[in-house]
2 protein chains.
Amino acid sequence: MLDDATARETVVAAADRLFYARGVQSVGMDAVRSEAGVPLKRIYALFRSKEDLVVAVLALRTKQWADGVERAAAGAGSPRERILAVFDFLDAWFREDGFRGCAFINSFGELGATSPRIADAVREHKESFRDHLLALVREAGLPDAVAVQVVLLVEGAQTTAAITHDADVARQARQAAAALLDAA
Amino acid sequence: MLDDATARETVVAAADRLFYARGVQSVGMDAVRSEAGVPLKRIYALFRSKEDLVVAVLALRTKQWADGVERAAAGAGSPRERILAVFDFLDAWFREDGFRGCAFINSFGELGATSPRIADAVREHKESFRDHLLALVREAGLPDAVAVQVVLLVEGAQTTAAITHDADVARQARQAAAALLDAA
DNA sequence: ACGGTGAGAGAACGGTCGTTCTCTCGTGGG
DNA sequence: CCCACGAGAGAACGACCGTTCTCTCACCGT
């Protein structure tokens, strides 16, 4: 038998794939079971409910997002370049097969009204990203307001790319962000 | 008995309220029936399926969005002011009770992967708004690229306002848009 | 070698969904 | 006055959901 930690990871990764591709409510727990290859009994020993599993999936996505943003920023020198590197990260992501927008925005739209725990998880994720950007903006010696402006471009790029299937919006968002940084 | 046209309007308006507040899949057809006060049999005579009803709801929202944008622009003089008026429209909307983000983005995240018709309706709505903005941008004598930049701010403002419950992002998005118009 | 522990597979359960059907009853024409 | 029509209310239906339970069997210490 797999130990609890790796079983958890397997289930969360499988659920993430399915939830992201089809939406949460369109995926039954039987499908998660099949995708993960972990018995339903075990899944319910690891997660009290489907809602718990969704929260765990969002926690995974939060870590992946933070890692991706950090890795993209690694090659950049100035704070300004580290801010703009976020859009290079988006660019690569938008081009991935099966890109379907921001999992947090999608989950919020689907379940935010009925599940406070999921709504909170989404809010915390977005707040932590805004805080990260705020730190970079301050490092760059720019006014705080710029951070929110960049956040708006990042969010807008994600939803627009998802709906239009046009990965080029990442480049356009980057140019807009650069213009806003220059203007500030 | 209500004639077909008004019965249709009643059902679509009721479904819109419920779907927007709770998400589509969280609302059963019985709830639509209660909210509208129209018998289930009648609803299924007017709409072939729940999916048809969702498409009709999105069509209503498309018209309301176009009307709202046009009304906000009515008081503005220059093309530039008509572009920025979109954000005043957003500001008022974000402050409404029960604001829960863009119904199109929410529906797309929830059902876009499983219902091509809904995905198409969302895409068409977003494209028509981008085209509208593109026309204004050209009237203002600005490069086409600015239209997409403004679209990104509009989309970003909607999702961010929904998640953070902070209506002030409309003002911040307006300032960012003004800066981008100036820079172009 | 063997009995017990616990894991896996999937059936079962109660509930809800979208959709259709049945039954009742008010109404309008002859 | 009566009958046929159609509309309304809600039961019924089959499918599927999240969650739990049952049964089987492989594996372990002694």
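This structure is a prediction, so every number in the text was calculated from the model and none was measured. A note on names: the letters A, B, ... follow the listed sequences, proteins ahead of strands, and every chain is numbered from 1.
Pairs engaging residues 139-160 of chain A under the salt bridge (charged side-chain N to carboxylate O under 4.0 Å, His left out) rule: A/Arg82-A/Glu139, A/Lys126-A/Glu155, A/Arg138-A/Asp144 [sequence neighbours left out].
Annotation: proximity of residues 2-31 of chain B to DNA chain C (heavy atom, distance under 4.0 Å) is found for B/Val27, B/Gly28, B/Met29, numbered in ascending order. Shown for residues 34-43 of chain B: residues whose heavy atoms fall under 4.0 angstrom of DNA chain C, namely B/Leu40, B/Lys41. Annotation: proximity of residues 45-55 of chain B to DNA chain C (heavy atom, distance under 4.0 Å) is found for B/Ser49, B/Lys50, numbered in ascending order.
Using a distance-only test at 3.5 Å, with no hydrogens or angles considered, no donor-acceptor pair links the side chain of A/Ser115 to the main chain of A/Leu111. Checked by atom type and distance alone, the side chain of B/Glu35 never pairs as donor or acceptor with a backbone atom of B/Arg17 at under 3.5 Å. With hydrogens and angles disregarded, no donor-acceptor distance shorter than 3.5 Å links the side chain of A/Thr160 to the backbone of A/Ala157. Under the 3.5 Å distance criterion, the side-chain polar atoms of B/Arg33 are left unmatched by any main-chain donor or acceptor of B/Leu40. Side-chain atoms of B/Arg42 come within 3.5 Å of backbone N or O of B/Leu2 as a donor-acceptor pair. Between the side chain of B/Asp182 and the backbone N or O of B/Ala177 there is no donor-acceptor pair closer than 3.5 Å. When atom types are taken as modelled, the side chain of B/Lys63 and the backbone of B/Leu58 share no donor-acceptor pair closer than 3.5 angstrom.
Listed by chain and residue number, nothing satisfies the salt bridge (charged side-chain N to carboxylate O under 4.0 Å, His left out) test with A/Asp166 (two or more places apart in sequence, or in another chain).
For DNA chain D, the outermost nucleotides in 5' to 3' order that have an atom under 4.0 Å from a heavy atom of chain A are D/dG18 to D/dT22.
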Under the salt bridge (Lys or Arg N to Asp or Glu O under 4.0 Å) criterion, do A/Asp91 and A/Arg95 qualify, and how do the steps go? CA-CA 7 Å; A/Asp91 194 283; A/Arg95 294 189 144 78; 2.5 Å; yes
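Judged by the 6.0 Å distance and 45° axis criteria, B/Arg61 is positioned over the aromatic ring of B/Tyr20.
Between A/His125 and A/Phe104, the angle of the ring planes stays under 30°, which puts this pair in the parallel group of the 30/60° scheme.
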